[in-house]
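This report refers to the structure that appears directly beneath it.
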Amino acid sequence: MSTPPDQRDQPRQRLLLAAEVLIAERGPAVPLRDIAVAAGQRNNSAVNYHFGSRDGLIQFVVDQRTGAMEQRRSRLLTESIGTDPDLPQLVRILAEPMLITPYEQGSTHYARFAEQVRAHPVIVEWLRGKGEWTATRKLTDLIAARLTHLSA
């Protein structure tokens with residue numbers, strides 16, 4: 001009998017949430033052992049087992065949260081098509097997912113976590129390769145088109 005996927009993913013999700021809190025509070029250099037203990041893991045190598053490394057864990061957290069935010073932006077943008085959204089509506093579509101989505105997923109510290117890791121080398125490199133953020137790119141293009149009266 002195999003373990004159901006939701007139970008199999010519980011250690012990863014607990015590690016994700018513990019990493020968000022501890023990195024938000026103490027920075028990306030927080031000992032991986034502390035993250036494992038906070039997640040209720042007895043194995044000090046749990047982060048390496050599930051994510052390969054500290055960088056893999058940080059990238060996983062950001063990828064999980066931004067992927068969900070991008071899906072929400074895409075849905076909100078699709079719902080607004082045909083209504084010619086004004087600038088405040090476009091900004092809401094861009095910003096709302098950042099303020100709601102992580103917390104719907106159980107996060108309590110994602111904004112602070114993101115601030116702590118924004119300049120981390122793995123995140124800088126990861127962001128360079130994120131060509132699939134089509135909703136965010138579309139929104140920023142639409143916002144820019146409504147701001148042509150401002151200088152660069």
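FYI, side chains are in, hydrogens and waters are out, and symmetry mates aren't considered; it's all heavy atoms of this structure.
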- Message: How long is the straight-line distance from CD1 of I143 back to CZ of R146, given to the nearest 0.5 Å?
- Response: 8.5 Å
- Can you find a pair of side-chain heavy atoms, one from Y110 and one from M69, that are under 4.5 Å apart? yes
- Verdict with reasoning, H50 to L57, per side chain to side chain contact (heavy atoms under 4.5 Å, CB included): CA-CA 8 Å; H50 288 285; L57 172 61; over 6 Å; no
- Quick one: closest heavy-atom pair of N48 and S53, and the distance? OD1-CA, 3.5 Å
- Heavy-atom nearest pair, Q116 first then G27, reads OE1-CA, 3.6 Å
- Query: For the atom pair CD (E70) and CZ (R72), what is the distance rounded to the nearest 0.5 Å?
  - Reply: 13.0 Å
- Message: Quick one, Q41 and I35 - any side-chain contact, counting heavy atoms below 4.5 Å?
- Response: no
- Task: Find out whether V91 and L87 are in side-chain contact, i.e. whether some heavy atom of one side chain is under 4.5 Å from a heavy atom of the other.
- Result: yes
- Query: Which residue, T136, L142, T140, forms the side chain to side chain contact (heavy atoms under 4.5 Å, CB included) with K138?
  - Reply: L142
- Residues D86, R92: salt bridge by 4.0 Å N-O rule: no
- Determine, for E115 against R112, whether the closest basic-nitrogen to carboxylate-oxygen distance falls under 4.0 angstrom. no
- Message: Just so I know, are the side chains of E20 and Q64 near enough to count as touching, which here means a heavy-atom distance under 4.5 Å?
- Response: no
- Item | Heavy-atom closest contact (A18 atom, A38 atom, distance) | CB-CB, 3.9 Å
- Query: Is any side-chain heavy atom of L16 less than 4.5 Å from a side-chain heavy atom of R65?
  - Reply: yes
- Would you say E79 and L76 make side-chain contact, with heavy atoms under 4.5 Å? yes
- When hydrophobic residues are tied together by side-chain contacts of less than 4.5 Å, even through go-betweens, does V21 share a cluster with V62? no
- Message: Tell me the closest heavy-atom pair linking T101 and A68, and the distance in Å.
- Response: CG2-CB, 3.5 Å
- Query: Got a second to check how far F51's CZ is from L15's CG, nearest 0.5 Å?
  - Reply: 5.0 Å
- Task: Might you confirm whether atom OH of Y103 has over 12 heavy atoms from other residues, nucleotides or ligands at distances under 6.0 Å?
- Result: yes
- Message: In the structure I gave you, are the side-chain heavy atoms of R12 and F60 within less than 4.5 Å of one another anywhere?
- Response: yes
- Task: Measure the shortest side-chain to side-chain distance between L77 and R73 over non-hydrogen atoms and say whether it is less than 4.5 angstrom.
- Result: no
- Message: Would you say V37 ends up clustered with V61 if hydrophobic residues are merged whenever their side chains have heavy atoms under 4.5 Å apart, either directly or through other cluster members?
- Response: no
- Can you tell me how far CD1 of I58 sits from CD1 of I23, rounded to the nearest 0.5 angstrom? 4.5 Å
- What distance separates Q71 CD from T66 OG1, expressed to the nearest 0.5 Å? 10.0 Å
- Message: Taking CZ in R26 as the centre, count heavy atoms belonging to other residues, nucleotides or ligands within less than 6.0 Å. Is the count above 12?
- Response: yes
